[in-house]
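Here's the structure we're looking at; comments come further down.
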Amino acid sequence: MTFQKTTKRTQLVRGKEISFFFLTSIAIIGAGIGGTSAAYYLRQKFGKDVKIDLFERGEVGGRLATMTVQGQEYETGGSVIHPLNLHMKRFVKDLGLSVVQGSGGLMGVYNGESLVFEESSWFIINIIKLIWQYGFQSLRMHMWVEDILDKFMRIYRYQSHDYAFSTVENLLHSLGGDDFLGMLNRTLLETLQKAGFSEKFLDEIVAPVMRVNYGQSTNINGFVGAVSLAGADSGLWAVKGGNKLVCSGLLQASRSNLISGSVMYIEEKTRTKQTGTPAKMYEVAYQTGSETHSDFYDIIVVATPLNRKMSNITFLNFDPPIEEFHQYYQYIVTTLIKGNLNSTIFSSRALGKFDLSTILTTDNSDLFINSIGIVSSVRENNPQPSEDGAYVWKIFSQETLTKEQILKLFLSYDYAVKQQWLAYPHYKPPEKCPSIILHDRLYYLSGIECAASAMEMSAIAAHNAALLAYHRWNGHTDMIDQEDLYEKLKTEL
Ligand SMILES: Cc1cc2nc3c(=O)[nH]c(=O)nc-3n(C[C@H](O)[C@H](O)[C@H](O)COP(=O)(O)OP(=O)(O)OC[C@H]3O[C@@H](n4cnc5c(N)ncnc54)[C@H](O)[C@@H]3O)c2cc1C
Ligand SMILES: *[C@@H]1O[C@H](CO)[C@@H](O)[C@H](O)[C@H]1NC(C)=O
Ligand SMILES: *[C@@H]1O[C@H](CO)[C@@H](O)[C@H](O)[C@H]1NC(C)=O
Ligand SMILES: *[C@@H]1O[C@H](CO)[C@@H](O)[C@H](O)[C@H]1NC(C)=O
């Protein structure tokens, strides 16, 4: 009999210490950016001989998804990436993918009656307008976000030195102490009011940014608020051909096996290994078509929100039971419409000279959209109108748009297609983050979304879960939850 000898374990068997070898096997549930980057990092840490199976019940990419209409492909889920999202940047480079830059058209803010803010194509005029309307608030806002981003970037240093954290709270605390972690305990509104920002600025600039990025108000936690404001920075990019290409690329690069199936339950069982020694393993039962199968694994990484509506995974017979997380996810509809906008609804003097390509909205319950903006296909840098001047617009809304609503916005349209999402957590500080370690060798990656949901956050959580699983497997406790890492690594180059 041959089997790969990959892991040496020493165990007491009937009073004798014996060493034995076995093939380590890892299951990852969910092939979104979280699961596929976990596969990538786990392969890096555990080496080429471990078996990695990746379960996916839908499409590889998960919430990174595109829709093809009239031969053109558009992002309908996670679409833009920040220039300082270093893991995403690294993946694109390692996988040999190309990027497209955000087109940087002009933005306006609509309050249900008129445009309360309108960008100009003259950079200097925008600055003057911002100062005229809001004093130096936008500059201060920029500095506030910058400071958080600076601290946030420390994670890359910790991870490049292989340090891992056993809870989301410990991870955030390591970045900037109690103040940083404390952002999860307060709303963005409270935080910015305390910092002296005006109601007008909060209503007309900050709230619209929260609506477009998270479909929620300024009552979200301060950290996700900062992530969302950073999403208004310049230099945003996307992956040419679709962001989900990163997921399929990572899957391939990690040389893991994709299993198309829906995981139903996970149970810990005692198994006899190839060596004849009993060992604890997890049984994963999954469904493909109408058939049910099961397999055994040493380590499991759950990379999908543990929420009945989103993943429906049952943990059988764990003692103590694995707690269920009742994080409520925000329902959002993405609609792509190709047509001619009736711009007079936003601005009466607009006809003929309306040059905005994105319209955000204030937190007004009478509005039936969160935002509307021109998009380009996943292969273009700049949106191209069709011959009759029609662009493809992307609308985010809380409900499916009715035909009447679409006709209110458009003079005429070619098509309207939609995709519904349970998009990201509905934030309600104080946030209590789920555990990362659900059981001995069972890890949960998506809990990081309690702090903020974004592609980069899932990639960071994936790197952390891979390091954590590796260090715990090998007993490297000194690499987990180290305090004062920032100070420690400062002196080390
Ligand atoms: C409309 C929208 C806009 C967004 N915009 C941005 C943006 O501009 N920038 C940004 O950074 N982020 C954005 N996000 C957030 C970003 O898309 C997500 O944070 C990220 O994609 C989450 O990745 P994930 O791998 O953690 O989870 P997911 O992508 O949800 O992956 C989980 C996977 O698990 C699978 N699965 C679930 N249950 C099971 C099961 N029982 N068995 C097998 N497989 C299972 C699912 O099918 C899914 O593929 C946006 C999200 C949405 C919805
Ligand atoms: C956040 O609030 C919780 C109670 O909801 C408290 O236990 C915790 O200490 C607070 N954390 C910080 C960093 O303020
Ligand atoms: C969850 O899965 C169980 C079977 O494992 C099924 O009976 C139930 O209907 C599912 N629930 C949802 C919300 O999909
Ligand atoms: C465009 O919208 C305005 C304002 O709602 C409306 O008065 C006008 O009739 C619309 N134009 C057309 C051609 O439908």
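For the single chain, residues carry numbers from 1 onward in sequence order. Each ligand, and each atom within it, is numbered from 1 in the order the structure gives.
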Just list the N/O pairs, ligand 4 to protein, that are under 3.5 Å apart, with the distance for each.
{"unit_1": "ligand 4", "atom_1": "2 (O)", "unit_2": "N342", "atom_2": "OD1", "d": "3.4"}
{"unit_1": "ligand 4", "atom_1": "2 (O)", "unit_2": "N342", "atom_2": "ND2", "d": "2.2"}
{"unit_1": "ligand 4", "atom_1": "2 (O)", "unit_2": "T344", "atom_2": "OG1", "d": "3.4"}
{"unit_1": "ligand 4", "atom_1": "11 (N)", "unit_2": "N342", "atom_2": "ND2", "d": "3.0"}

Over all heavy atoms of both residues, which pair between H87 and H463 is shortest? Give the atoms and the distance, please.
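Smallest heavy-atom distance, with atoms named: CE1-ND1, 3.5 Å.
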Examine D178 against ligand 2 and note whether any of their N/O atoms are separated by less than 3.5 Å.
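N/O-N/O distance below 3.5 Å does not exist for this pair.
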Tell me every residue that passes ring-ring contact (aromatic ring centres under 6.0 Å, His included) with Y265, counting only those two or more places apart in sequence or in another chain.
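Scan of Y265 (ring-ring contact (aromatic ring centres under 6.0 Å, His included), adjacent residues dropped) gives none.
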All ring-ring contact (aromatic ring centres under 6.0 Å, His included) counterparts of Y286, not counting sequence neighbours
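If we apply the ring-ring contact (aromatic ring centres under 6.0 Å, His included) test to Y286, skipping adjacent residues, the hits are F55, H293.
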From S79 OG over to K394 NZ, what is the distance, rounded to the nearest 0.5 angstrom?
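Answer for the OG-NZ pair, S79 versus K394, is 4.0 Å.
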Is N312 in polar range of ligand 3, meaning some N or O pair under 3.5 Å apart?
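Min N/O separation from ligand 3 is below 3.5 Å for N312.
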Determine, using ring centers only, whether Y158 and Y486 are less than 6.0 Å apart.
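No, too far apart.
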Electrostatic pair E190-R186, nearest N-O below 4.0 angstrom:
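No, E190 and R186 are not salt-bridged.
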Please list, one pair per line, the donor and acceptor atoms closer than 3.5 Å that link side chains of residues 173-181 to other protein atoms, with sequence neighbours excluded.
{"unit_1": "H173", "atom_1": "NE2", "unit_2": "D178", "atom_2": "OD1", "d": "2.8"}
{"unit_1": "S174", "atom_1": "OG", "unit_2": "L171", "atom_2": "O", "d": "2.7"}

